[in-house]
Amino acid sequence: MASLSFKHIYKKYPGGVTAVSDFCLEVRDKEFIIFVGPSGCGKSTTLRMIAGLEEITEGELFIGDRLINDVAPKDRDIAMVFQNYALYPHMTVFDNMAFGLKLRKVPKEEIKRKVEEAARILDIAHLLDRRPKALSGGQKQRVALGRAIVREPKVFLLDEPLSNLDAKLRAAMRTELTKIHQKLGTTFVYVTHDQVEAMTMATRIVVMKDGLIQQVDTPQRLYDLPANIFVAGFIGTPQMNFIDAYLQKSGDDLYLEFGSSKITLPAEASKDESLREYVGKEVIAGLRPECLRVDSESMEKAGSNVIKAHVDVTELMGAEIYLYLSTEGLDVEGKQNLIARVSPDCPYRNEDDIKIAVDVNRLHIFDKDTEKCIIHC
């Protein structure tokens, strides 16, 4: 098993294009770490630099204590699982899984033992005599994983391995991958653009944008304590609500003002010196959809922290309802769009005018210019 150490890694292409900038990260042994971000953010390029499929322009990359910048891919003791499975169509499942071991001239009995053990872990022992064309997408994915497992690498690299599966199978495979990681006790480095995959499987998540690391933390801390607007908006479904507002002061209290709404901040937040510097200035307030509530108990607790809103659209999700709302705002049209996640017994429907209670104890306030978080209430 192995840790990974990235020390100021850059990837620059001819023509001045920089795909990855100053990438610094310590991946602990046996971690399941996920690189997540939009297309073109540099996450797959970073994975390919670990694999040796892309050269590192600047910086140093270590697997354990070994510098691997100039080590050939085959000598790095890693295994990569690709998005398109990359199975040999003319070979059986057994031969696909055994192929790498045969190239290394591993004894036949050892190959048989390793393949059968991997097939048992992946629940594909009954498929060993089949060819890829006779397999479902999920079974092909397991074979690709099995081919990596038999090599017993120090690090597993997985490049969007679930993106070709349907939604139901993708959810099932997320669970299976987590179980496999726990059984193997190996370091996993996983790339995806799907933040649900990242939130459900990762030990830690690396959020990337434009080749730069935005934040590295556990899934829950990323959700609760985003470092900036990009992370706050990227992590969470539906995404966080962002409200343009002015920060104002009344006595010892600070409050947010937008349209006809005034949201008083908690007492502890009002005492924060870094926040007081923004009094009279425009800021961006962030609220998760579950922090906007319509039940009578929340209304009582909220006191004056209530927003008048109009229901544009309702989406029944079974266990919950999403209310797509509009209220007065600071933008040119004087309109602010919001999403509230409420219980399925919510009585409100399209075109209703309603009141929304705001949970200010889970409010985030961001700098308008830098987009960095000033305070988490």
Side-chain angles (χ1 to χ4, degrees), residues 1-4 27 29-34 47-48 50-53 63-64 66 68 71-165 169 172-192 201 203:
M1 309 312 151
S3 59
L4 285 167
V27 180
D29 184 23
K30 301 182 183 180
E31 241 190 324
F32 195 142
I33 198 145
I34 295 186
L47 196 77
R48 289 171 65 83
I50 302 171
L53 302 177
I63 294 181
R66 184 188 183 199
I68 63 161
V71 175
K74 65 183 180 64
D75 298 323
R76 294 190 178 198
D77 205 2
I78 54 96
M80 192 160 181
V81 179
F82 295 93
Q83 180 179 343
N84 62 357
Y85 319 135
L87 302 179
Y88 296 107
H90 63 287
M91 291 184 183
T92 63
V93 168
F94 182 97
D95 289 334
N96 264 285
M97 290 172 65
F99 187 69
L101 299 180
K102 288 178 180 176
L103 288 180
R104 293 183 175 189
K105 295 184 169 50
V106 175
K108 285 185 178 180
E109 283 304 310
E110 190 175 346
I111 290 175
K112 185 173 184 294
R113 179 184 61 78
K114 287 186 174 183
V115 169
E116 289 178 350
E117 173 64 13
R120 186 188 61 76
I121 291 171
L122 295 164
D123 195 24
I124 54 172
H126 59 295
L127 304 175
L128 290 175
D129 294 329
R130 295 190 191 179
R131 286 185 166 79
K133 67 179 181 182
L135 304 178
S136 68
Q139 289 168 338
K140 289 177 184 176
Q141 187 59 73
R142 287 167 191 250
V143 176
L145 278 167
R147 186 174 53 194
I149 288 170
V150 296
R151 291 178 52 196
E152 298 177 352
K154 289 182 177 178
V155 181
F156 280 88
L157 307 178
L158 300 100
D159 191 4
E160 302 200 32
L162 307 185
S163 58
N164 289 338
L165 306 180
L169 187 53
M173 283 303 294
R174 287 202 304 263
T175 306
E176 289 303 313
L177 277 172
T178 303
K179 289 179 182 175
I180 290 164
H181 174 253
Q182 291 169 352
K183 284 179 183 176
L184 297 177
T186 313
T187 306
F188 274 39
V189 182
Y190 187 108
V191 160
T192 183
M201 294 192 295
T203 312

**Complete:** Residues pairing under ring-ring contact (aromatic ring centres under 6.0 Å, His included) where one sits in residues 101-120, two or more places apart or in two chains, turn out to be none

**Counterpart residues, side-chain contact (heavy atoms from CB on, under 4.5 Å), relative to D75 (two or more places apart)** = R66, V71, A72

**Request:** Please name the residue in the list L158, I34, T175, T192 that meets the side chain to side chain contact (heavy atoms under 4.5 Å, CB included) test with M201.
**Result:** I34

**Item:** For L169, all residues meeting side-chain contact (heavy atoms from CB on, under 4.5 Å), sequence neighbours excluded
**Value:** L165, D166, M173

**Prompt:** Can you tell me how far CG of L103 sits from CZ of R151, rounded to the nearest 0.5 angstrom?
**Reply:** 9.5 Å

**Residues, nucleotides or ligands: over 12 heavy atoms within 6.0 Å of K74 NZ** = no

**Request:** Could you pull out all residues at least two apart from K179 that satisfy salt bridge (charged side-chain N to carboxylate O under 4.0 Å, His left out)?
**Result:** E176

**Message:** Could you report the tightest heavy-atom contact between I78 and P73, atom names first, then the distance?
**Reply:** CG1-O, 4.5 Å

**Message:** Under the salt bridge (Lys or Arg N to Asp or Glu O under 4.0 Å) definition, can you give me all pairs with a residue in residues 76-92, not counting sequence neighbours?
**Reply:** none

**Complete:** Rounding to 0.5 Å, atoms CD (E152) and CG (L184) come to a distance of 9.5 Å

**Complete:** In short, ring-ring contact (aromatic ring centres under 6.0 Å, His included) pairs touching residues 94-116 with sequence neighbours left out are Y88-F99

**Item:** ring-ring contact (aromatic ring centres under 6.0 Å, His included) contacts touching residues 101-129 (sequence neighbours left out)
**Value:** none

**Request:** Identify, with sequence neighbours excluded, every residue that meets ring-ring contact (aromatic ring centres under 6.0 Å, His included) alongside F156.
**Result:** F188

**Request:** Of all the heavy-atom pairs spanning T92 and L128, show the shortest one and how long it is.
**Result:** CB-O, 3.5 Å

**Item:** Closest heavy-atom pair and its distance - V189, I50
**Value:** CG1-CD1, 4.1 Å

**Asked** Can you check side-chain contact (heavy atoms from CB on, under 4.5 Å) on I180 and F32, steps first, answer last?
**Response** CA-CA 11 Å; I180 290 164; F32 195 142; over 6 Å; no

**Asked** Taking only residues at least two apart or on different chains, which pairs with a member in residues 110-121 satisfy side-chain hydrogen bond (donor to acceptor under 3.5 Å, both in side chains)?
**Response** E110-K114, K112-E116, E117-R120

**Asked** Between A2 and G64, which heavy-atom pair has the shortest distance, and what is it?
**Response** CB-N, 4.2 Å

**Prompt:** Who are the ring-ring contact (aromatic ring centres under 6.0 Å, His included) partners of F82, not counting sequence neighbours?
**Reply:** none

**Message:** Tell me the closest heavy-atom pair linking A119 and M97, and the distance in Å.
**Reply:** N-CE, 4.0 Å

Enumerate donor-acceptor pairs with a distance under 3.5 Å from any side-chain N or O in residues 131-147 to protein atoms, sequence neighbours excluded.
from: R131; atom 1: NE; to: H90; atom 2: O; distance (Å): 3.0
from: S136; atom 1: OG; to: Q139; atom 2: N; distance (Å): 3.3
from: S136; atom 1: OG; to: Q139; atom 2: OE1; distance (Å): 3.4
from: Q139; atom 1: OE1; to: S136; atom 2: N; distance (Å): 2.9
from: R142; atom 1: NH1; to: L122; atom 2: O; distance (Å): 2.7
from: R147; atom 1: NH1; to: A86; atom 2: O; distance (Å): 2.8
from: R147; atom 1: NH2; to: Y85; atom 2: O; distance (Å): 2.8
from: R147; atom 1: NH2; to: A86; atom 2: O; distance (Å): 3.2

**Message:** Check whether N96 reaches the backbone of M91 with its side chain - one donor and one acceptor, N or O, closer than 3.5 Å.
**Reply:** yes

**Message:** Could you work out, with salt bridge (charged side-chain N to carboxylate O under 4.0 Å, His left out) as the rule, every residue matching K183, not counting sequence neighbours?
**Reply:** none

**Pair D159 + R48, salt bridge at N-O below 4.0 Å** = no

**Prompt:** Is any side-chain heavy atom of T187 closer than 4.5 Å to a side-chain heavy atom of K154?
**Reply:** no

**Prompt:** Any side-chain donor-acceptor pair under 3.5 Å between E31 and T203?
**Reply:** no

**Prompt:** Could you state the interatomic distance from NZ (K108) to NZ (K102), rounded to the nearest 0.5 Å?
**Reply:** 8.0 Å

**Fill in**
Looking only at heavy atoms, the pair that brings V155 and I63 closest together is CG2-CG2, 4.3 Å

